[in-house]
Amino acid sequence: MITNEQGEKLRGWFAGRLPDDLFEELTEVTVDREEITVIGRIPAPRPAGDATATEREAALESRVQQFRDRTREDRMAVAREAEHRFGRKVSWGVECGGRRTLFTHVAAPVMTRLRQPERQVLDTLIAGGVARSRSDALAWCVRLVQRHTDDWLAELRESLEHVQRVRAQGPDSEPDPAPHADEE
């Protein structure tokens, strides 16, 4: 499980490492055990005012493909560096004209192939001791689908961060130098 602080550092690394002209805005960086997904906003095409829905859709698809082709080398250089540094695959996507498109993404096997948002739910349950494995976590999710999922998982993540802070203050952390009895 990645803490909020670790996520912020990761987002900061990408914000600092990406070429300034790659995206209009870096909109999202998400991470789980296998994958970092980087999504940025690119400018939408401006078809003629009387363009049909089909023309507008084709223009969006073309803009996304043009961006993907034009930025491949820059994105791959950043991905190689990030994969070495963080030990996870890097996936890319864009938001353009109100639509999100993922170029690449990891589909990790569990009992079925799950995308990153689903794996993050399973990993949170494992980290919280609710399940022993992704398979157990998936079975648990099936039994409790849509039952306070968002609120409960947010509370569990907050609890895990609290546990990590408490562990960091434990006896294995660097002790504060205490005065000896003869120094008083």
Side-chain angles (χ1 to χ4, degrees), residues 1-47 51-127 134 137-138 141 145-146 149-151 153-154 156-158 160-161:
M1 166 103 189
I2 188 166
T3 65
N4 283 338
E5 182 180 352
Q6 291 167 327
E8 289 170 2
K9 286 181 180 179
L10 189 75
R11 283 186 292 278
W13 185 87
F14 275 95
R17 179 60 184 84
L18 292 174
D20 289 338
D21 61 345
L22 188 67
F23 298 123
E24 283 185 327
E25 177 185 5
L26 178 62
T27 58
E28 187 177 321
V29 177
T30 56
V31 63
D32 70 5
R33 292 188 313 194
E34 289 85 18
E35 177 180 29
I36 300 167
T37 304
V38 180
I39 299 175
R41 183 174 300 112
I42 63 173
R46 297 184 203 163
T52 67
T54 302
E55 287 175 291
R56 292 180 189 284
E57 183 65 24
L60 275 175
E61 288 176 16
S62 180
R63 175 61 55 92
V64 168
Q65 187 61 47
Q66 181 272 344
F67 173 86
R68 185 178 185 185
D69 294 343
R70 178 178 52 82
T71 64
R72 181 172 277 118
E73 286 185 33
D74 287 339
R75 288 183 296 106
M76 296 315 297
V78 172
R80 277 190 297 277
E81 188 176 338
E83 287 170 4
H84 178 72
R85 182 181 187 112
F86 301 112
R88 294 169 171 90
K89 291 291 183 188
V90 176
S91 299
W92 298 93
V94 295
E95 291 178 357
C96 182
R99 181 172 43 145
R100 179 175 282 198
T101 304
L102 292 176
F103 302 150
T104 56
H105 41 83
V106 173
V110 180
M111 289 171 43
T112 185
R113 298 190 76 70
L114 299 176
R115 303 261 187 251
Q116 187 179 41
E118 293 89 11
R119 294 191 314 267
Q120 287 175 323
V121 170
L122 299 180
D123 292 346
T124 299
L125 295 173
I126 293 166
R134 282 184 169 175
L138 186 57
C141 288
V145 171
Q146 298 297 319
T149 305
D150 293 336
D151 294 338
L153 287 174
L156 181 59
R157 286 183 187 107
E158 290 173 16
L160 289 170
E161 288 182 9

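The model shown is predicted, which means the values in this text are computed figures rather than measured ones.
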Worksheet item: Do the side-chain N and O atoms of Thr30 and Gln116 include a donor-acceptor pair separated by under 3.5 angstrom?
Response: yes
Evaluate the side-chain proximity of [Y] to [X]: yes if any heavy-atom separation is below 4.5 Å, no if none is.
X: Leu22; Y: Arg75; value: yes
X: Trp92; Y: Thr71; value: no
X: Arg85; Y: Leu10; value: no
X: Cys141; Y: Leu122; value: yes
X: Phe23; Y: Val94; value: yes
X: Val90; Y: Val78; value: no
X: Leu125; Y: Leu138; value: no

Working to the nearest 0.5 angstrom, can you tell me the gap between [X] [atom1] and [Y] [atom2]?
X: Asp74; Y: Arg17; atom1: CG; atom2: CZ; result: 8.5 Å
X: Thr37; Y: Arg115; atom1: OG1; atom2: CZ; result: 10.5 Å
X: Arg63; Y: Arg99; atom1: CZ; atom2: CZ; result: 12.5 Å
X: Ile42; Y: Cys96; atom1: CD1; atom2: SG; result: 4.0 Å
X: Arg88; Y: Asp32; atom1: CZ; atom2: CG; result: 7.5 Å

Worksheet item: Applying salt bridge (charged side-chain N to carboxylate O under 4.0 Å, His left out), which residue pairs with at least one partner in residues 34-44 are found, sequence neighbours left out?
Response: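 Applying salt bridge (charged side-chain N to carboxylate O under 4.0 Å, His left out) to every pair that reaches into residues 34-44, excluding sequence neighbours, yields Glu25-Arg41, Glu34-Arg119, Glu34-Arg134, Glu35-Arg119, Arg41-Glu95.
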Item to complete: Would you please test Gln65 and Asp69 for side chain to side chain donor-acceptor pair (under 3.5 Å) and show each step?
Response: CA-CA 6 Å; Gln65 187 61 47; Asp69 294 343; 2.8 Å; yes
Worksheet item: Parallel, tilted or perpendicular for Trp13 and Phe86, by the 30°/60° rule?
Response: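 If you compare the ring of Trp13 with that of Phe86, the planes turn out perpendicular.
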Worksheet item: What do the steps show when you test Arg68 against Thr104 for side-chain contact (heavy atoms from CB on, under 4.5 Å), and what is the final call?
Response: CA-CA 11 Å; Arg68 185 178 185 185; Thr104 56; 4.0 Å; yes
Worksheet item: What's the verdict on side-chain contact (heavy atoms from CB on, under 4.5 Å) for Leu114 and Val121, showing C-alpha distance, side-chain angles and the deciding distance?
Response: CA-CA 11 Å; Leu114 299 176; Val121 170; over 6 Å; no
Discussion item. Between the side chains of Lys9 and Glu5, is the shortest nitrogen-to-carboxylate-oxygen separation below 4.0 Å, so that they form an ion pair?
Written reply: yes
Worksheet item: Quick check: does any side chain N or O of Glu83 sit under 3.5 Å from a backbone N or O of Arg80, one acting as donor and the other as acceptor?
Response: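 It does not hold such a pair.
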Worksheet entry | CD/Glu55: more than 12 non-hydrogen atoms of other groups inside 6.0 Å | yes
Fill in: Heavy-atom closest contact (Gln120 atom, Val31 atom, distance)
NE2-O, 2.7 Å
